[in-house]
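Let me begin by presenting the structure, written as structure tokens, before commenting on it.
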Amino acid sequence: MHINVWQAILIGFVYFLGINAQPWLTTIGTHVIMRPLVNGTIVGLILGKPVEGCLIGAAINLPFLAWISAGGTVPMDQALAGTLGTALAIASGVKPAAAAALAVPLGLLGTVIWVTHMTVDISFVHMADKAAEQGNVKKINFLNIWPPQLIVFLMSVIPVALAVYFGAEPVAHVINILKGRPMDVLSVIGGVLPALGIAMNLRAMNGKGMIIFFIFGFLLTVYSGLPILVVSAFAAFIGYVYMTLYFKNEPTADQQDKSTD
Amino acid sequence: MHINVWQAILIGFVYFLGINAQPWLTTIGTHVIMRPLVNGTIVGLILGKPVEGCLIGAAINLPFLAWISAGGTVPMDQALAGTLGTALAIASGVKPAAAAALAVPLGLLGTVIWVTHMTVDISFVHMADKAAEQGNVKKINFLNIWPPQLIVFLMSVIPVALAVYFGAEPVAHVINILKGRPMDVLSVIGGVLPALGIAMNLRAMNGKGMIIFFIFGFLLTVYSGLPILVVSAFAAFIGYVYMTLYFKNEPTADQQDKSTD
Amino acid sequence: MHINVWQAILIGFVYFLGINAQPWLTTIGTHVIMRPLVNGTIVGLILGKPVEGCLIGAAINLPFLAWISAGGTVPMDQALAGTLGTALAIASGVKPAAAAALAVPLGLLGTVIWVTHMTVDISFVHMADKAAEQGNVKKINFLNIWPPQLIVFLMSVIPVALAVYFGAEPVAHVINILKGRPMDVLSVIGGVLPALGIAMNLRAMNGKGMIIFFIFGFLLTVYSGLPILVVSAFAAFIGYVYMTLYFKNEPTADQQDKSTD
Amino acid sequence: MVEITRKDLNRSFWRWMFFSHSNYNYERLQSMGVTYALSPILKKLYHNKPDELKEALQRHLQFFNTEPSFGDPILSISIAMEEQKANGQPIPAEMIEGFKTGMMGPLAGVGDTLFQGIIIPILLSFTIPFATEGNIILGPFAYGVLLLGIMLPIAHWLWMKGYYTGRQGILELLHNSLLQKVMMFAQILGAVVIGALTAKFVTVSTPLAIPLGRTSLNVQKKVLDELSLGILPLAVTLATYWMLKKKLKPTTVLLILIVGAAVLGAFGIIKA
Amino acid sequence: MVEITRKDLNRSFWRWMFFSHSNYNYERLQSMGVTYALSPILKKLYHNKPDELKEALQRHLQFFNTEPSFGDPILSISIAMEEQKANGQPIPAEMIEGFKTGMMGPLAGVGDTLFQGIIIPILLSFTIPFATEGNIILGPFAYGVLLLGIMLPIAHWLWMKGYYTGRQGILELLHNSLLQKVMMFAQILGAVVIGALTAKFVTVSTPLAIPLGRTSLNVQKKVLDELSLGILPLAVTLATYWMLKKKLKPTTVLLILIVGAAVLGAFGIIKA
Amino acid sequence: MVEITRKDLNRSFWRWMFFSHSNYNYERLQSMGVTYALSPILKKLYHNKPDELKEALQRHLQFFNTEPSFGDPILSISIAMEEQKANGQPIPAEMIEGFKTGMMGPLAGVGDTLFQGIIIPILLSFTIPFATEGNIILGPFAYGVLLLGIMLPIAHWLWMKGYYTGRQGILELLHNSLLQKVMMFAQILGAVVIGALTAKFVTVSTPLAIPLGRTSLNVQKKVLDELSLGILPLAVTLATYWMLKKKLKPTTVLLILIVGAAVLGAFGIIKA
Ligand SMILES: OC[C@H]1O[C@H](O)[C@@H](O)[C@@H](O)[C@@H]1O
Ligand SMILES: OC[C@H]1O[C@H](O)[C@@H](O)[C@@H](O)[C@@H]1O
Ligand SMILES: OC[C@H]1O[C@H](O)[C@@H](O)[C@@H](O)[C@@H]1O
């Protein structure tokens, strides 16, 4: 399908909003818009295909399940994978699993923008130091928002808009050539990639026992066929019992509550 | 169907036996006969339709699941709902759920009899005081049983027998008029009422954690489709494990047993 | 089917290897070959019907599930039941359950061989005492292996080979006569016998609580229909949780590991 | 010296079991049942002492109330005390009275919770499902047999235990972790079982369908069931629980349920 | 005496929520976000004291970094300290600075684990399954609403709690077993849920068939599925976990997965 | 000074593994196996001291019995003691003898329970189901491989651990909660697994039908299965367990089972 200039620019803007810790409800807002689940859907909306965007975004999101940014590190840029990836996938009519295989590597590219941003911003801090010497609060406030955000804005909107506008056709062409076996291989990759997100999450949880609970969840789901929400209701039950028994000898605010009601 | 005089009187007598804490194995016997599950079946037996009585009695019993009489309070009179309700329902051929919706409110009526009983009985206590002054054991024993029981007997058998004998036809008539939409609404009510018995029971158990176990039981049943006996076998397993782990550091008679066998 | 001389002798040799604690990887090897599951299959292999051997061996093995030899006691001789039983069952074409009913009593017979062995061997100990006085290490070593093993060899290979060679036909004949009702009764017995092995195992585990876990495993399997391996995965989960909560206050090497990784 | 025999004890026990509430009243509650149950023993103990008999009768005609089965050791221990008193031990009347009024509350609390709050609902939960299929044997009959089979032996065991081990024995029992363990086990069992009961017997769903152009969205199947099967019955039950927690009277809640179900049912928003 | 009002606190809170990272940089990280958020309060406190205002601005322009939502009480407590200082209490600048640098690490640790490591993955696990069926409402929309509905109230509550109960209140919270309980509960929930996710979304099986004379042995159905359904997805996930444990970088692992899947897929050893 | 090398230790280990029971007898049990296993080491240690060699041989020809795999560190520790003795340390013969007889009981107890009572039944439970479908690889073969793969490494590890950490190391192991944890875990696993085994392999049901007028009541389907599926197999197994608990000999129980099943089967009361 064809993508027009305005759509391309809007998609670039979605990417801008999804960059790690961007303003407009900083870490909170961006924990939402950064996720391909969300920005993929928005991109789909812009292109008039929200459901496709949702399906593809969800697929791209899985390998980023446990994406953690701590201390300013950004392991991969899922916002780029989500926005650009979804846009190109919709434009060339790829299935979600293959789309994920194609989009995830884009996440590696995006970190360049983040590093540049965090480097350039240093100069504004030094200006702020001077403003502080003069007690110029207004200037500090201005420096915190306008110059750095303008730069990120340009650095994010322009390249993404260009990539979407000019990239859609060639990518669709290449995809067309790949039909058949190569496309199947992409699906295989797409089917395996979610393992990364899950494994990273497991490691982030960091505790031997968690592997046991993880395998339990896996087997319960595989053999019962229950939906995830129901599995998680049972998990909550188990978690509650485990937690209660584990901490039973340590009085908490909670228990004191109990004894008085 | 037609109910004859003797059946009506017998049903009244069943109600007499089912009043809270009546003699003939006081609290123990009446914990049995008081329950609509039981007296409904007996009423059915008297009317020659034991299975119908059983079905209706069970339905009427659910909202009274957690009926608790403590310190002489009687929240509702389930014996009246069970006996009179089942008799009238059988007489007019109502389905169990609708029967429950009709019978439960009768339970409110019955408390009048109980309150009267507990008030009138005071006078016999005062007579007993006098007998005690004279050391007249025989008289005290007589006063404990004959006068008060005669009064309850009349107070319970007569009105119920009358209600059953004269009520059956008009009730059946009204029910006949209600066929269709109004009857459906009664079924809706009957479907919701068991929630009361269950909720009262939950509250009587009194402990935050119990809600969690309750929801677990609900979800397990809904998603596994297992019969209640089997669910309760699993519940017993969980209860055993929980209890053992909870009390593991406190030696009990039980554990001392263990170490020696 | 016909069993030839060499097959009979080989089967006798399998029995020799399967006698409690025989050499060639003593207790370890014989914990393997002693089991009807294993020696039944080997016998099947010798007779050219490995799958039948496997099926019958498995059936015979169940009542011996918790066979425990402690301090040299040998409650029953499962190796004889497994080898001779499988050989005769294959020869007469009996179904596994009935085969088990026929073979298990053979286990009682076999203990005679074991007792003889442990009695005769005493004489070699006395010879070894003398060798020790002379510091004759070589002789002690010889006495530990050759004389006793030769005796067990003869005592085990000969009778079993004879029983297999000459017994096959008469047994097949008898079995043929038993077809119909008597055979059904054998199947009934065979269906009940595994209870013995399981019950002995339960007792060996020795702890009230284990009955609860046992019943849980039973009900879970009966109502879920899951294969045993999957049930045991869930059991492992439960065991892990139970164990962790049970020992949570006692630091172990394991936990110290955890805190440093 | 007068001695209470096992037979005396049993006789008293059955008198109590049968007639504890026959003259139940607002002024003294179970006092006449108590006196009735103890009277043969009092007669025996104070055989030739009419004054002491009178005092004893008056003593036990005082206010008394407890859970009849679980609280019965209070009476058998009182018997033991009366026996010692009759045989010359220096036991003042106040001691017996104080003991009775001191113990009747705690034992009623535990007993009511255990029997009426846990065991009976569990037994009903086991048997009602059979009854709703018309099975009288596994339904009402099994309920009655199981209930008597559980409660009578407990009551009798406690009565004897009370007389023979005395106050100390009963207090130990109350604080023993065995009782706590049984309570916890029964509570968990009960909670899960009434959860199962909710799943089977609270029935409510919605027939609503939201029109979406040519097709329409089945709210029950496409929304509620996606979140969880049976979410409406569960919600109704939890809402009822919440109302009770907010101290609404059961009769009020009953009314709310009836009117609510009637209105929503009449407007076709819910169905059975 | 200048007093900080609830309105002042709220204003600062939202400034922090919106612009904590707008000039995020390698030298001082969130320092400018902090100064931006606190500046209205500093202006109010040091209204007629330009020198003290300058010092305060410089103080907060120093290096600072924490988890913005969970670590925000550090800032509200700093506000309380600045208020006392402005009102003449002997609070040296070093105390405020020391407090900030001392607390930012621990709170970032707990906060990152709780939010990014547990809550967000759980919410994604709940909503992605709906999204893969094209359900936008229960998918991305529900994700966003739930996340904001959980994180914003926590952040705001902590901010207020910080100002009103001070350092002590926050330390208690950190060591309280309630926090540990919540963490453990959430971890278990999370672990089970991502196990379920693995079952639903990691897809890999083998089309291999071992020829056995005339028939052939379907490896997937006759061998792998006999051991456990989904054993390949589980193995792949655990292998990935193991690689990460061996300190391989995520990007390296990503590469290994892509190349591995491509090669095995191309040779027809595995399929999606 | 004579030194025992790793190679010496390994040699002894395998001699023990292979021939511990080759001359097993009622008088001294494993004593000749012990002497056989230790003899190369004794020869080396007391190379030029024929008298001490004789004494050592006689020492180890004394009564000895333990679980060969789990109890093997007793022998490797004895080796360490003999080594020190040979090198002049003041170790009296009684010390070595006392150590052996003191340790052989406890280690046999734990070892027999762990291996024969738990691990072997579990492995059989895993593999027999495959065997009953004729799968030789996942059946008997897997059983053998898994058993050796578990027991041999444990035996070898303990042997080495015994020599190098000595008595102290083994005692610590025995009282360490790790061993208790493993035992508990294995017991629970085992109990559940043999429960599953009961469900799959104890087969008994009733063909009885109670005539009720024109129709008849299928006892299995309408009564037993309503209470619980598989209630007869479970009952038979628990009854068997109960008989064993009542100290009946396994052979007696075997007889009861056979006769009982035969009679009930012949009269058509039960079927397979
Ligand atoms: O680690 C604390 C904090 O550091 C940076 O500000 C970002 O990476 C945040 O996402 C993170 O929460
Ligand atoms: O509360 C103790 C006791 O009080 C009254 O006697 C009745 O309500 C009983 O049902 C109850 O057990
Ligand atoms: O009890 C220890 C040990 O005794 C004998 O050697 C045999 O019965 C072994 O199987 C057992 O392990």
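Chain letters run A, B, ... following the sequence lines, proteins first and then strands; every chain starts at 1.
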Please name the pair of heavy atoms, one in C/I198 and one in F/I194, separated by the smallest distance, quoted to 0.1 Å. O-CD1, 3.9 Å
Mark yes when over 12 heavy atoms from residues, nucleotides or ligands other than F/H47 sit less than 6.0 Å from its NE2; otherwise mark no. no
Have a look at C/P194 and tell me which of F/I128, F/T237, F/V202, F/L257 forms a side-chain contact (heavy atoms from CB on, under 4.5 Å) with it. F/V202
Using heavy-atom distances under 4.5 Å, tell me whether F/A108 contacts chain C through its side chain, its backbone, both, or neither. neither
Do you know which two heavy atoms are closest between F/F126 and C/S232, and how far apart they sit? CE2-OG, 3.2 Å
Of the listed C/N61, C/T221, C/I215, C/I140, the one with the largest count of heavy-atom pairs under 4.5 Å with chain F is C/T221
So with a 6.0 Å cut-off around NZ of F/K44, is the heavy-atom count from everything else above 12? yes
Do F/N23 side-chain atoms and C/I145 backbone N/O form a donor-acceptor pair below 3.5 Å? no
Does F/K43 have more than 12 heavy atoms from other residues, nucleotides or ligands lying within 6.0 Å of its NZ? no
Part of C/P227 within contact of chain F (heavy atom distance under 4.5 Å): backbone
At a heavy-atom distance under 4.5 Å, which candidate from C/L108, C/V115, C/N39, C/I56 has the highest pair count against chain F? C/V115
If only atom types and distance count, is the side chain of F/S22 paired as donor or acceptor with the main-chain N or O of C/N144 below 3.5 Å? yes
Main-chain N/O of F/L229 paired with C/Y223 side-chain donor or acceptor, under 3.5 Å: yes
For C/Q134, which atoms come within 4.5 Å of any heavy atom of chain F: side chain, backbone, both, or neither? backbone
Looking only at heavy atoms and a cut-off of under 4.5 Å, which of C/V188, C/I238, C/V51, C/D184 has the most pairs with chain F? C/V188
Specify the closest pair of heavy atoms between F/Q116 and C/I68, including all atoms of both residues, with the distance to one decimal. OE1-CA, 3.4 Å
Contact winner vs chain F - C/A236, C/S187, C/G57, heavy-atom pairs under 4.5 Å: C/A236
Contact class of F/L234 relative to chain C, heavy atoms under 4.5 angstrom: both
Portion of F/P129 that has a non-hydrogen atom of chain C nearer than 4.5 angstrom: side chain
Bottom line for C/D129: the part with an atom under 4.5 Å from chain F's heavy atoms is both
For each of C/L229, C/I42, C/V231, tally heavy-atom pairs with chain F at distances under 4.5 Å, and name the one with the top tally. C/L229
Atom group of F/F201 that falls short of 4.5 Å from chain C, counting heavy atoms: both
Quick one: CG on C/L193 to OG1 on F/T240, what's the gap to the nearest 0.5 Å? 9.5 Å
Between C/V38, C/L143, C/V125, which shows the greatest number of heavy-atom pairs under 4.5 Å with chain F? C/V125
F/E133 versus chain C, the contacting section by heavy-atom distance below 4.5 Å: backbone
Measure distances from C/F216 to the heavy atoms of chain F and classify the residue's part below 4.5 Å as side chain, backbone, both or neither. side chain
Considering non-hydrogen atoms only, spot the tightest contact between C/A70 and F/D112 and give its length. CB-OD2, 3.4 Å
Check whether C/R203 reaches the backbone of F/K245 with its side chain - one donor and one acceptor, N or O, closer than 3.5 Å. no
What one should report as the nearest heavy-atom pair of F/E27 and C/H126 is OE1-NE2, 2.7 Å
Portion of C/V185 that has a non-hydrogen atom of chain F nearer than 4.5 angstrom: side chain
In terms of heavy-atom proximity below 4.5 Å to chain C, should F/L255 be classed as side chain, backbone, both, or neither? neither
Give the minimum heavy-atom separation between C/A195 and F/V236, together with the two atoms involved. CB-CG1, 3.9 Å
Side chain from CB out, backbone as N, CA, C, O: work out which of these in F/F115 comes under 4.5 Å of a heavy atom of chain C, or both, or neither. neither
Under 4.5 Å from any heavy atom of chain C, what part of F/L53 do you find: side chain, backbone, both or neither? side chain
Would one find more than 12 heavy atoms of other residues, nucleotides or ligands at under 6.0 Å from atom NZ of F/K49? yes
Part of C/M76 lying under 4.5 Å from any heavy atom of chain F: side chain
